[in-house]
Protein chains: 2
Amino acid sequence: MPAHAQTSTAAVVAAGRRLLEERGADALTMRDVADAVGVRAPSLYKRVRSRSDLFRLVLEDVTDELAAASEAAAASGDPVTDLRAIVTGYRAFAHAHPVAYALLAAPHTDGADERARRSSAVLMRAVTALTGTTDALPAARTIVAWANGFLAMELAGAFRLGGDVERAWAFGLDRILAAIQRGDGTG
Amino acid sequence: MPAHAQTSTAAVVAAGRRLLEERGADALTMRDVADAVGVRAPSLYKRVRSRSDLFRLVLEDVTDELAAASEAAAASGDPVTDLRAIVTGYRAFAHAHPVAYALLAAPHTDGADERARRSSAVLMRAVTALTGTTDALPAARTIVAWANGFLAMELAGAFRLGGDVERAWAFGLDRILAAIQRGDGTG
DNA sequence: ACCTGAACACCGTTCAAGT
DNA sequence: ACCTGAACACCGTTCAAGT
């Protein structure tokens, strides 16, 4: 009589994501994930290929959720309003899931391209509406680089020395939104 | 007769940095560092408190070198020229030491503040000359966030999907330098 | 078909014993 | 004073054996 499945890939990924966020990347061990889903560590290998594969699945889950949030945020039809909503959504997501967000900047494994394309599609659409097609790609890379860099530094505590972090965020967002729409041919 | 020292903290840190850059963060093991300096792993604990302490020392070494490069790069006296030189220097450093640079964005331990202040002093001076004191802090955070974010994405391969990365870099740098000097009161 | 304990080759780290 | 081998408590992962 075949043994019944005690868990599922989805449950393993969910447990991994919870452990990652609550106790950090180093605490995401196969034994602790197994404990969380009620099996022994070797059984996890029926669900995931390896620990790094589990890590990849967890980050894909995070990416999917971030993409869905972006899609929901960009609903006004006005490109500047939508871009503000998308980027503000990034920040809210980063604050809600700091460990996972910080890891999204880590080197991608093969196969992450399609997901990256999807997660940036909403932003590309708003940027293209703002700048036209010629500047859209470098403009999108500018705003995403700034947002990711700012949030990475914020999550890492690099702004602890003082000053007003909220003002720095508003300043950067205002200036960059204004800067990418100037069609002065420097791009 | 006391045993003679076979290595030094400097040699341990240098070996750790070499291993980190050549084989990645996971390959920086105490046993491999010990091999590289000609002792056994337990002897390393006479030089560093722990593996994470060694990691911190390695990243401080990297930070010092980056700060020195920035100081050397900012020599023209013109703030825009200096800022371009500093940020271009960040990129050259990131390309030369990709593993270490990617780790500089990681969460800081206590005591890293003074080093962070030193490494950003040159940039703060150029930004202040460009924007005046009122906007200097948010303006500096905007350009550093963009540069760090861009380089993190570049090193992570996030730009593999196509387009001209060099153009995106030039576009972002041009637009941000122009944007932070506009004194329009939005900051 | 999935689950398990035992085992393997690793880790970081400690410590008593050597010189 | 520093170095060492042995040992400890962990890892990820494999695998034969159970149901």
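Computed from a predicted structure; not experimentally measured. Side chains are part of it too, since the values below use all heavy atoms of this structure and drop only hydrogens, waters and symmetry mates.
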### Query
Listed by chain and number, what are the ring pair (Phe, Tyr, Trp, His ring centres under 6.0 Å) partners of F55(B), not counting sequence neighbours?
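Not a single residue meets the ring pair (Phe, Tyr, Trp, His ring centres under 6.0 Å) criterion with F55(B).
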Scan nucleotides 13-15 of chain C against the protein and return all N/O pairs shorter than 3.5 Å with their distances rounded to 0.1 Å.
{"from": "dT13(C)", "atom 1": "OP2", "to": "Y45(B)", "atom 2": "OH", "distance (Å)": "2.8"}
{"from": "dT13(C)", "atom 1": "OP2", "to": "R51(B)", "atom 2": "N", "distance (Å)": "2.8"}
{"from": "dT13(C)", "atom 1": "O5'", "to": "Y45(B)", "atom 2": "OH", "distance (Å)": "3.2"}

What residues form a side-chain hydrogen bond (donor to acceptor under 3.5 Å, both in side chains) with [X], not counting sequence neighbours?
X       : result
S52(A)  : S50(A)
T81(B)  : D78(B)
E154(A) : R91(A), H95(A)

By side chain to side chain contact (heavy atoms under 4.5 Å, CB included), which residues pair with [X], not counting sequence neighbours?
X       : result
R23(A)  : L19(A), A27(A), D32(A)
T131(A) : V127(A), D135(A), A136(A), A139(A), I180(A)
A69(B)  : none

### Task
Report the secondary structure of DNA chain D in dot-bracket form, marking unpaired bases with a dot and bases paired to a different strand with |, and treating Watson-Crick or G-U pairs with both distances under 3.5 Å as paired.
||.|||||...|||||.||
#### Entry: Contact residues, residues 5-19 of chain A to DNA chain C [heavy atom, < 4.0 Å]
A5(A), Q6(A), T7(A)
### Query
Which salt bridge (Lys or Arg N to Asp or Glu O under 4.0 Å) pairs, counting each pair once, include a residue from residues 122-134 of chain B, with sequence neighbours left out?
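The answer is none; no pair qualifies.
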### Task
Return each pair, listed once, that meets salt bridge (Lys or Arg N to Asp or Glu O under 4.0 Å) where at least one residue sits in residues 42-55 of chain B; pairs must be two or more places apart or across chains.
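Checked against salt bridge (Lys or Arg N to Asp or Glu O under 4.0 Å) - neighbours excluded - the pairs reaching residues 42-55 of chain B are D53(B)-R56(B).
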